[in-house]
Q: 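Right, I'll just put the structure down here and ask away after.
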Amino acid sequence: MADYRSTLNLPDTPFPMRGDLPKREPGWVKQWQDSKLYQRIRKQSAGRPQFVLHDGPPYANGDIHLGHAVNKILKDIIVRSMTLHGFDASFIPGWDCHGLPIEHQIEKAHGKSLPPAEVRKLARAYAAEQVELQKKGFVRLGVLADWDRPYRTMDFQNEAGEIRALKEMVTKGWVYRGLKPVNWCFDCGSALAEAEVEYQDKGSPAVDVGFQIADACRQMLADAFGLDALPAGKVQAVIWTTTPWTIPANQALNVNGEHTYALVRTANGHVIVARDLVDSCLARFKLEGDVIATAQGTALADLLFQHPFYVRDVPVLVASYVGLDAGTGIVHCAPAYGVEDFQTWTAHGLATEEVFGPVQANGVYIDALPLFGGMHIWKANPVIIDTIAKAGALLSHEKITHSYMHCWRHKTPVIYRATAQFFVGMDIRQPESYTLRECAAAAVEATAFYPEWGKERLAAMIAKRPDWCISRQRNWGVPIPFFLHKETGQMHPDTPDLMEQVALRVEREGVDAWFNLDPAELLGDDAAHYDKLTDTLDVWFDSGTTHWHVLRGSHQDGRRGDGGPVADLYLEGSDQHRGWFQSSLLTGCALDGHAPYRALLTHGFTVDANGHKMSKSAGNGIEPQEVGNKLGIEILRLWLASADYSGELSISKEILDRVVETYRRLRNTVRFLLANIADYDPVAHKLPVAKWLTIDRYALALTRDLQERVGNDYLAFEFHKIVQALQHFASEDLGGFYLDILKDRLYTTAPGSLARRSAQGALWHITQTLVRLMAPIMPFTAEEIWTVLAEAGKNGPYAANLDSVMLTTWNALPMQADEAALMESWGRIRALRAQSARVLETLRAEGGIGSSLQADVEVRAAGATFDDLAALGDDLRFVLITSGATLIKVESDAEQGVSAAASAQVKCGRCWHYRADVGSNPEHPELCGRCDSNLHGEGEMRSHA
RNA sequence: GGGCCUAUAGCUCAGUUUCGGUUAGAGCGCACGCCUGAUAAGCGUGAGGUCGAAGGUUCAAGUCCAUCUAGGCCCA
């Protein structure tokens with residue numbers, strides 16, 4: 001038997017079947033970096049419509065984890081897809097460099113007693129190191145960005161920019177000085193951040209303390225309980241507290257308006273507690289009693305009760321936070337020493353100036369405090385309890401052990417303590433204009449959200465949030481460069497001008513320019529009357545103002561130049577509704593009157609296969625580096641793109657295994673495409689689409705449809721639909737249909753025949769389309785494909801952009817007038833083909849055939865299906881991949897069907913079809929007629945498939 | 001405890017934007033078979049869900065309503 005294999009046009013390509021991703025990806029990364037691909041894309045895109053994604057700065061501490069990878073890869077997919085869409089898409093990466101965690105790192109490494117200037121110096125160096133570390137990680141992910149020129153919030157220009165942003169907000173009147181309870185450590189002598197507080201067990205006294213009704217309010221209290229008069233003798237509202245030291249600072253009682261309160265008669269006078277807690281309270285008081293009347297919490301509002309040992313009547317304030325879990329249902333309110341206490345106080349319109357705070361920074365009461373002046377609060381507890389008892393107001397006293405806040409540095413108990421801070425006011429009304437809250441609400445309304453529910457979430461947060469406290473008592477941060485009058489505490493009247501002078505110095509020397517500044521340099525003789533504030537700005541102010549001083553200052557090329565929001569998109573984890581989205585929104589509104597972004601996109605957090613969050617302790621974490629080293633970053637990217645990122649992102653071994661399958665399928669499909677256009681010259685061999693065979697034109701229509709849908713999905717940021725569409729296209733449209741049918745024609749017809757060039761024209765377009773559609777998600781593989789195309793001269797009209805697929809835009813696919821008709825009729829043909837496959841499978845199972853080419857089929861069809869099949873003529877057998885196919889017209893659907901039988905003919909030694917004309921040329925007895933013609937004659941004619 | 005979100009075959013997702021309607025779809029994986037001219041590939045056939053749970057509204061619910069469970073983000 002002659003070997004006809006060598007007479008076939010078999011696929012051939014240098015594109016390897018296996019990606020070998022972990023090994024080869026770093027090479028691509030290096031090439032993109034070395035060739036300055038990002039910069040070249042920007043240069044080539046200059047003048048196109050802009051798309052600005054403003055990068056939210058990750059905190060410069062620690063190696064990147066999966067969450068970082070998710071975030072940056074999504075951004076990269078978007079920037080790449082927008083570039084391919086024909087936008088000038090910028091990506092200026094940034095880092096958040098100031099703040100507590102870095103200060104702690106320095107403290108951990110160098111001890112706790114460094115002078116602040118030294119802390120800042122070390123922190124700056126540490127942050128710079130971390131930026132470089134993380135940058136390496138991000139670059140390895142294949143993220144294409146301006147890595148040579150990122151923004152860092154600690155850059156001098158940015159530090160100065162923040163001061164200018166603050167100046168602008170001060171000038172516009174958004175900033176005020178007020179009180180706020182903060183975590184306070186006596187040993188530090190300063191405020192602590194939440195992160196510096198840890199919880200440990202602590203023994204505390206727990207006391208129930210009675211507040212007698214004020215004489216002037218006895219009748220009103222009787223009315224509240226629906227009584228004609230109050231019983232004679234003591235009537236006390238009882239509170240329960242574990243911090244007796246706050247009693248001297250008591251200024252109110254809080255009740256819940258929704259709860260019911262009971263007036264209880266006991267042997268020790270009458271007491272008021274929540275009705276639901278009467279039994280537990282009496283047990284604690286070791287008293288018996290009867291409820292003689294009840295009243296709703298709201299009825300008690302504003303009644304005055306007597307402080308247990310000071311001559312001071314305090315009001316009842318209704319507060320919803322008061323619960324019934326423990327205590328008495330009545331809460332003692334010391335606004336200087338509790339967050340909720342303080343909020344309740346201000347919520348009732350009471351002045352912060354009236355808040356009474358007798359505890360000094362070192363934990364000692366001021367000397368002027370009666371009875372306890374000069375005592376440390378922890379020492380004063382028993383003395384105070386004794387005083388309460390002597391006043392007849394102590395209903396119970398026990399020792400309890402509870403979880404209590406401690407300083408993580410000194411391991412000593414921490415308290416809440418009201419201190420002076422600076423705020424951005426949410427409800428300050430600009431003259432004849434809006435409040436910040438109103439402006440922000442309108443800005444949220446004007447913003448597009450992906451997914452849509454983000455709008456509701458952010459709007460609810462804006463509606464409820466308190467004023468923004470922007471001051472912190474830290475070392476490593478941007479200073480709030482205010483001079484405050486020593487007596488009044490007021491800002492210097494020239495503050496805006498002074499701030500600009502400070503900004504100029506910070507621009508040159510960094511934040512130390514302020515900390516080192518001698519006030520006299522700016523204030524002259526006035527300096528004696530002013531204190532230089534040492535507070536720093538909340539780090540949310542750092543990142544929240546990046547749109548102001550990064551996009552409009554240090555990186556002007558990364559902004560939109562049309563006067564509106566500077567960015568088209570901010571994209572972060574859904575936790576940033578409270579964080580960066582909000583701080584940016586507030587500064588945008590305060591500075592510009594609108595949000596700095598047009599749209600917000602959020603992604604969820606990564607979880608394990610069971611939907612549980614990843615943690616070190618659970619041991620269910622997956623690191624991006626690990627995936628990159630084992631499977632390749634491309635797999636990680638494809639995993640991310642195939643998930644619906646609006647919810648949680650599940651990742652596990654099995655999930656990644658499935659992703660690998662998807663990758664292989666896509667890769668092999670492209671490999672086959674490349675292998676079959678190896679001898680195709682897209683310029684010299686190009687045929688007009690009108691001359692193509694019908695099925696090739698159908699394939700082109702399918703491809704155009706795919707590109708349109710995928711393009712729209714990119715614009716809508718619906719990447720998982722893209723992966724599904726690509727996979728479906730590769731498996732169903734190509735592998736299971738078009739390519740399967742095409743093999744015979746590609747392999748057996750003459751190399752330069754119309755039949756073959758028509759197919760290759762379609763394959764060339766499919767390849768050019770797929771490589772681009774894949775590129776945003778799988779940039780490594782796309783670039784590899786691009787290189788093969790380029791080196792083989794397969795880019796034809798795109799030869800000007802041989803360097804990188806990213807230098808192109810979507811493939812320009814010919815539009816066909818009869819696309820809709822093609823889709824419709826071939827849809828019917830494919831349904832028939834599926835039916836035929838089932839019949840052949842039955843025959844195969846019976847042992848009648850192996851390959852489908854061993855069979856002849858008879859197709860009975862009616863109506864449109866018959867017309868479609870009839871139009872194929874003799875090519876029907878190629879569509880069904882059988883050696884023979886007979887079409888019979890029937891009149892009704894019921895008569896339709898397919899039957900198959902093993903062919904009685906002889907197998908052609910070349911094309912493997914079983915044909916009656918095998919051997920018709922005596923010189924080539926093993927060949928069928930068309931193979932003989934293809935090899936030695938004019939070649940077969942094909943018009944449809 | 002509050003706000004927002006998620007819960008469809010083993011896995012990843014669809015399920016017709018504003019208010020429901022025939023046997024709930026796809027790809028992957030799996031099973032079985034074919035091919036050996038995409039071969040550490042390719043093709044075919046097939047088996048898998050009653051839509052987180054139990055209720056309600058309705059002639060009719062995966063699709064609406066309240067509840068619960070599990071999970072996520074942010075607060076308290």
Side-chain angles (χ1 to χ4, degrees), chain A residues 3-13 15 17-18 320-321 323-325 339-340 343 451-461 463-465 573-579 582 602-613 638-639 641-644 646-665 667-676 718 720-721 723-732 734-737 739-741 743-744 746-748 833-834 836-845 847 849-854 881 910-912:
Chain A
D3 178 18
Y4 287 102
R5 196 173 196 279
S6 60
T7 69
L8 298 170
N9 318 302
L10 292 178
D12 175 39
T13 178
F15 188 80
M17 182 178 283
R18 304 201 50 186
S320 57
Y321 80 88
L324 295 175
D325 317 327
V339 174
E340 286 158 327
Q343 282 168 0
E452 284 177 17
W453 50 257
K455 176 172 286 192
E456 195 183 343
R457 187 171 184 191
L458 187 52
M461 286 177 173
K464 280 190 293 194
R465 70 156 294 149
S574 61
D575 57 332
Q576 297 305 331
H577 285 111
R578 175 154 295 273
Q582 198 172 144
T602 51
H603 60 257
F605 283 66
T606 53
V607 297
D608 67 16
N610 299 316
H612 291 185
K613 71 164 131 189
L638 189 54
W639 159 74
S642 57
D644 175 1
S646 68
E648 293 94 67
L649 294 156
S650 289
I651 187 166
S652 68
K653 171 123 187 356
E654 183 189 356
I655 292 170
L656 286 173
D657 284 347
R658 291 294 84 77
V659 175
V660 169
E661 298 294 338
T662 304
Y663 176 78
R664 285 198 185 129
R665 183 59 201 234
R667 183 179 178 93
N668 269 320
T669 300
V670 173
R671 178 169 183 266
F672 185 74
L673 293 170
L674 290 170
N676 279 292
E718 307 252 18
H720 61 284
K721 292 187 178 170
V723 175
Q724 300 248 339
L726 290 175
Q727 193 175 8
H728 197 275
F729 184 74
S731 291
E732 296 296 298
L734 296 184
F737 178 72
L739 298 181
D740 204 24
I741 293 168
K743 283 181 214 170
D744 176 86
L746 286 167
Y747 298 169
T748 66
R833 187 172 181 273
S836 166
R838 281 188 291 272
V839 173
L840 291 170
E841 184 66 22
T842 309
L843 184 59
R844 183 176 293 130
I849 57 167
S851 157
S852 61
L853 281 179
Q854 291 170 16
I881 316 186
R910 181 167 179 269
C911 74
W912 297 348

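All values below come from the heavy atoms of this structure, side chains included, with hydrogens, waters and symmetry mates left out. For clarity, every value in this text was computed on a predicted model and none was experimentally measured. In the text below, chain A, chain B and the rest are named by the order of the sequence lines, each starting its count at 1.
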Q: For B:rA26 versus B:rG49, give the span between their P atoms, rounded off to a whole number of Å.
A: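 The same atom, P, in both gives a distance of 15 Å.
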Q: When both hydrogen-bonding distances must be under 3.5 Å and the geometry is Watson-Crick or G-U wobble, what is B:rG71 paired with, if anything?
A: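 B:rG71 is paired with B:rC5.
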Q: Give the rounded distance in Å between these two atoms: CD of A:Glu841 and P of B:rA47.
A: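 To the nearest whole Å, that distance equals 12 Å.
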Q: Applying a 4.0 Å non-hydrogen cut-off, can you work out what A:Ala675 is touching in the nucleic acid: base, sugar-phosphate, or nothing?
A: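 Nothing, no nucleic acid heavy atom in range.
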Q: Rounded to the nearest angstrom, tell me the gap between atom CD in A:Glu732 and atom P in B:rG42.
A: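 Checked: the CD to P distance equals 13 Å.
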Q: For B:rC73 and A:Lys613 - does any side-chain N or O of the residue sit under 4.0 Å from the phosphate oxygens OP1/OP2?
A: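 A:Lys613 to B:rC73 OP1/OP2: side-chain N or O found under 4.0 Å.
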Q: Would you indicate, yes or no, if B:rC5 has its OP1 or OP2 atom less than 4.0 angstrom from a side-chain nitrogen or oxygen of A:His577?
A: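 Answer is no, no contact under 4.0 Å.
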Q: Is B:rU12 paired to anything, Watson-Crick or G-U wobble with both distances less than 3.5 Å, and if yes, which nucleotide?
A: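 When the pairing criteria are applied, B:rA26 turns out to be the nucleotide that pairs with B:rU12.
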Q: Establish, with yes or no, whether the OP1 or OP2 oxygen of B:rC28 is under 4.0 angstrom from a side-chain nitrogen or oxygen of A:Ser731.
A: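 Yes, within the criterion.
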Q: Which one is paired to B:rG42, where only Watson-Crick or G-U wobble pairs with both distances under 3.5 angstrom count?
A: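 Paired with B:rC34.
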Q: Can you tell me how the ring of A:Phe672 sits relative to the ring of A:Tyr747, calling it parallel under 30°, perpendicular over 60° and tilted otherwise?
A: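 The rings of A:Phe672 and A:Tyr747 stand perpendicular, inter-plane angle above 60°.
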Q: Output one line per pair: protein atom, nucleotide atom from nucleotides 37-41 of chain B, and distance, for all N/O pairs under 3.5 Å.
A:
unit_1	atom_1	unit_2	atom_2	d
B:rG37	O6	A:Arg910	O	3.3
B:rG37	O6	A:Trp912	NE1	3.2
B:rG37	N1	A:Arg910	O	2.6
B:rA38	OP2	A:Tyr747	OH	3.0
B:rA38	N7	A:Lys743	NZ	3.2
B:rU39	OP1	A:Arg671	NH1	2.7

Q: Using a heavy-atom cut-off of 4.0 Å across all strands, would you classify A:Ser650 as base, sugar-phosphate, or nothing?
A: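 Result for A:Ser650 = sugar-phosphate.
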